[in-house]
Amino acid sequence: MHALCSPSAMPTVLFSLTAELDWGWRIEQWLDPQQLWKRSLQGFAVEQLWQNSTSSHDWQVSFRQAIQSQGIWQHTGKLRADSIESNWYLLAYPCQLENSSHCYLGVLQTTVGGREVEGSNPCSEGKLSPLLRHRLRQQELALEHSSDLMIRCNNRGFITWANQALLERQNKSLDSIVGIDFTQLRTQPTERHTLLQMLRTGQALNAMVEYQTEEKEFYLVQEKLLPILSDDGELETIVIVQQDLTFQAAAEIRTQQQLQTDALTGLPNRKGMYQSIRHNLGRVETHKQPFALLRINLDRFQRVNDAAGYHFGDYLLRSLALNLRRVLGYGTELACLGGDEFAAVIAPCYQEEEAIAIADEVRSAIAISGSLAAAAGISLTASIGIVLVDTNLTEEMVLDRANQAMFAAKRRGGDCTVIYRLPLHDSIRQEAALQFALRQAIAEQELKLAYQPIISLRTGQIISLEALLRWNHPHFGYISPALFIPLAEDSGQIESLGEWAVHEACHQLAEWAKQPDLAHLRVAVNCSFVDLKTERWAATVKTALQSSQLPPSQLIVEYTESAIAKDPAAAIALSSYLQDLGVDVALDDFGSGYSSMAYLIQFQAQGLKIDRSLITPIVEDERSQAVVRTIIDLAKRLGLRTTAEGVEEREQLELLHSWGCDFAQGFYFSRPLLADDLPDFIRNYEGLSL
């Protein structure tokens, strides 16, 4: 093989090494036609080359350095004692195979009494045995057809050979490339003498370099320059191995684009908006060029999904994205931050009036898309927050200020625009403080569970409890779940809350079960829409039951109708898993949405809770009476137990009992009670008579 021949280097043993999974590097081929070794090492681990050698450590170090850098492996020293001559010089080239794995093709050369073995110079093809010539040809073909781009240069950096992959990438013939200074193929030609000076020291060079073809097509390679030195330390040959990164770089660019793009609308996502803000912050600092950020949140968009379904909601968002792009023009940087929230960067923007005018254009786009929503009986409006940036802030600060302005617009009833000014409303800052406090409350276990009794309308006895989160902050005081649950969902803390609640409820009920008068109780815990999407929460339920030793039949998991609506498939899958465990599932807040009847068919449950909004007016409102009676009758036909929420009056209770409702809960019986107070309440409860 010409690559291994030189006047001072005579191959006597040819070998190849391949890496095997979990077995390290092994000698795949061993060719010793002159029988300089007492036995073949084919199939042996590479360590067998230096076994029993006093220089084994040096061999291992040199080999590890070579494979880690995928560089040439060369070493001089003593090998195995069972070879005829123990002083050897080893030279091996790295080579990439067609399956993208790597091997080493190499030679061992030796001297006998300081002289080369006579009659064995492989550069004289006529003196080679047919077997050795065949093996050399195989190795030459392996290099020729390697997927890596390979070049061989003389000691002055002029090309003497290139493999097929390099010739195809350059679109040149071998004749046209031989004799060229290899650095002239680069996009930015490098000083050849500088590279040669480093290579003459024996130092391998590794860099990412851009090359160009005759047609000025550019491509990027990871390049290794591997110097081959003679016995007296002179630079003989330069081997160049290149890995073409063009397609990899293009794939990475596409991946980055996908990571920065909202899948539904095709607009840049939050990550893309961060990049845009970062770019414009740089212009604020260097060019004193202010910009404005608009944060746009659709008002009560959930009603669209409830009324017309999520497919229509997605269609509406895509339509709105197109209308916003058309109205704002392609000079404005527009992004979808997720769901029904958008943002736009106006650059440059010197006056608040300019930003307000853009906000009016946004409202025009929403009005166009709103005509679609009107068909579903929904009015589509937006709350818009604006921040004008003329100082060097962080991306987070810019988005946060726009967010505060947007929330202020929400608090004014929506369908308006608010500009951020320091300081903004105390309620916004309080909300930010509450989010931080909630994170601490979860970590420090400040939250508690309260339990509201559920009464059987047949027996009049307390048969189960609903576990409800309660938070009494040392500074803010009692904080309503209606405030902190949405905060937990927005900040990503709801999953931790749900996990804690199911563990706490199961362990508390298991403790009560040790008391005979409380052993019959069951407990219901709520599952948020975030929990539906995580396998972790399903595993949490199983772990909570196992660690508390609570029978699964004593646990009920309640799903709100709105949670199911966000991902019916996930709800059905989780419900099936829980029921396989022996846990009952129920529909909570039934009747509060627009798709209730459909979920009764899709979602296999054991019970449903009629939403308090339907129970409250039933004494005086005949339409509410008709709806509640229909729900109870339908549930009975489907074999579902019914529970009425929010019962506060005796008249409500009597109507529900006459219609055949199974259970009831509400302030008429008891407020939610902390764990310490509940046992005494149950023991003193005299029962319900109807």
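Note: hydrogens, waters and symmetry copies are ignored here, and every other heavy atom, side chains too, is used.
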Query raised in the report: When rounded to the nearest 0.5 angstrom, what distance separates CG in Leu264 from CZ in Arg318?
Result: 5.0 Å
Query - Leu518 vs Leu678 side-chain heavy atoms within contact, under 4.5 Å - result: no
Query raised in the report: Would Val387 and Val398 satisfy side-chain contact (heavy atoms from CB on, under 4.5 Å), going step by step from the backbone distance to the final call?
Result: CA-CA 7 Å; Val387 58; Val398 173; 4.1 Å; yes
Query - Side chain to side chain, Val525 and Val541, heavy atoms closer than 4.5 Å - result: no
Requested in this report: Quick one: pull up CG in Leu555 and OG in Ser548 and give me the separation to the nearest 0.5 Å.
Outcome: 8.5 Å
Report task. Taking Lys636 for its side chain and Gly660 for its backbone only, find out whether a donor-acceptor pair lies under 3.5 Å. Result -> yes
Query raised in the report: Would a 4.5 Å heavy-atom cut-off, applied to side chains only, mark Tyr451 and Phe681 as touching?
Result: no
Query raised in the report: Do Ser456 and Ile463 come close enough that some side-chain heavy atom pair is under 4.5 Å?
Result: yes
Report summary line: So the side-chain hydrogen bond (donor to acceptor under 3.5 Å, both in side chains) pairs with at least one residue in residues 574-583 (sequence neighbours excluded) are Ser575-Gln579, Gln579-Gln606
**Report entry** Carboxylate-amine/guanidinium contact Arg612 Asp589, below 4.0 Å
**Finding:** no
Query raised in the report: When rounded to the nearest 0.5 angstrom, what distance separates OG in Ser383 from CZ in Phe407?
Result: 10.0 Å
Query raised in the report: Is there a side-chain contact between Arg671 and Gln452, using heavy atoms and a 4.5 Å cut-off?
Result: no
Requested in this report: Return the minimal non-hydrogen interatomic distance between Leu334 and Ala321, and the atom names on each side.
Outcome: CD2-O, 4.2 Å
Requested in this report: Locate the shortest heavy-atom distance separating Gly607 from Leu640; write the atom from each residue and the value.
Outcome: N-CD2, 4.0 Å
Report task. Can you measure from CD1 (Ile556) to CG (Asp588) and round to the nearest 0.5 angstrom? Result -> 11.0 Å
Requested in this report: Write down the atom of Ala405, the atom of Ile386, and the distance for their closest heavy-atom approach.
Outcome: CB-N, 3.8 Å
Query raised in the report: Do the side chains of Leu468 and Pro481 get nearer than 4.5 Å, heavy atoms only?
Result: no
Query raised in the report: Roughly how far apart are Leu447 CG and Leu497 CG, rounded to 0.5 Å?
Result: 6.0 Å
**Report entry** Side-chain heavy-atom pair Ile631, Phe590 within 4.5 angstrom cut-off
**Finding:** yes
**Report entry** Test item: Asp400 side-chain N/O and Glu396 main-chain N/O as donor-acceptor pair under 3.5 Å
**Finding:** no
Requested in this report: Please name the residue in the list Lys514, His507, Gln508 that meets the side chain to side chain donor-acceptor pair (under 3.5 Å) test with Glu511.
Outcome: Lys514
**Report entry** Glu622 atom CD, over 12 foreign heavy atoms within 6.0 Å
**Finding:** no
Report task. Before accepting this row, confirm whether a basic side-chain N of the pair Arg637/Asp633 lies closer than 4.0 Å to the acidic partner's carboxylate O. Result -> yes
Requested in this report: Check the pair Leu521 / Ile462 against side-chain contact (heavy atoms from CB on, under 4.5 Å), numbers first and verdict last.
Outcome: CA-CA 8 Å; Leu521 293 175; Ile462 299 172; 4.1 Å; yes
Report summary line: Residues Leu608 and Ala635: closest non-hydrogen pair is CD2-CB, 4.1 Å
Report task. Could you please spell out the steps behind the side-chain contact (heavy atoms from CB on, under 4.5 Å) verdict for Ser547 and His503? Result -> CA-CA 9 Å; Ser547 62; His503 272 281; 4.1 Å; yes
Query raised in the report: Is atom CZ of Arg458 surrounded by more than 12 heavy atoms (other residues, nucleotides or ligands) closer than 6.0 Å?
Result: no
Query - Atom pair OH (Tyr559) and CG (Leu578), whose distance is rounded to the nearest 0.5 Å - result: 4.5 Å
Query raised in the report: Looking just at side-chain N and O atoms, do Ser553 and Arg522 make a donor-acceptor pair shorter than 3.5 Å?
Result: no
Report summary line: Between Leu457 and Ala664 the two heavy atoms that sit nearest each other are CD2-CB, 4.0 Å
Requested in this report: Check whether any side-chain heavy atom of Trp659 lies under 4.5 Å from a side-chain heavy atom of Gln625, and answer yes or no.
Outcome: yes
Query - Steps toward side-chain contact (heavy atoms from CB on, under 4.5 Å) verdict (Ile366, Asn323) - result: CA-CA 8 Å; Ile366 293 173; Asn323 287 329; over 6 Å; no
Query raised in the report: Is Asp517 salt-bridged to Arg683, cutoff N-O under 4.0 Å?
Result: yes
Query - Passing candidate, side-chain contact (heavy atoms from CB on, under 4.5 Å) with Phe342, options Leu317, Leu294, Asn297, Val362 - result: Leu317
Query - Pair Asp299 + Lys410: basic N to acidic O under 4.0 Å - result: yes
Report task. In plain terms, say whether Glu466 and Lys609 are close enough for a salt bridge, that is, a side-chain N and a carboxylate O under 4.0 Å apart. Result -> yes
**Report entry** Residue pairs, two or more places apart or on separate chains, that pass salt bridge (charged side-chain N to carboxylate O under 4.0 Å, His left out) and touch residues 639-660
**Finding:** Asp584-Arg641, Arg650-Glu654
Query raised in the report: What's the shortest heavy-atom distance between Val345 and Ser276, and which atoms?
Result: CG2-OG, 3.8 Å
Query raised in the report: Between Ser319 (side chain) and Tyr315 (backbone), is there a donor-acceptor pair under 3.5 Å?
Result: no
Query raised in the report: Among Arg401, Arg278, Lys271, Arg270, whose salt bridge (charged side-chain N to carboxylate O under 4.0 Å, His left out) with Glu395 holds?
Result: Arg278
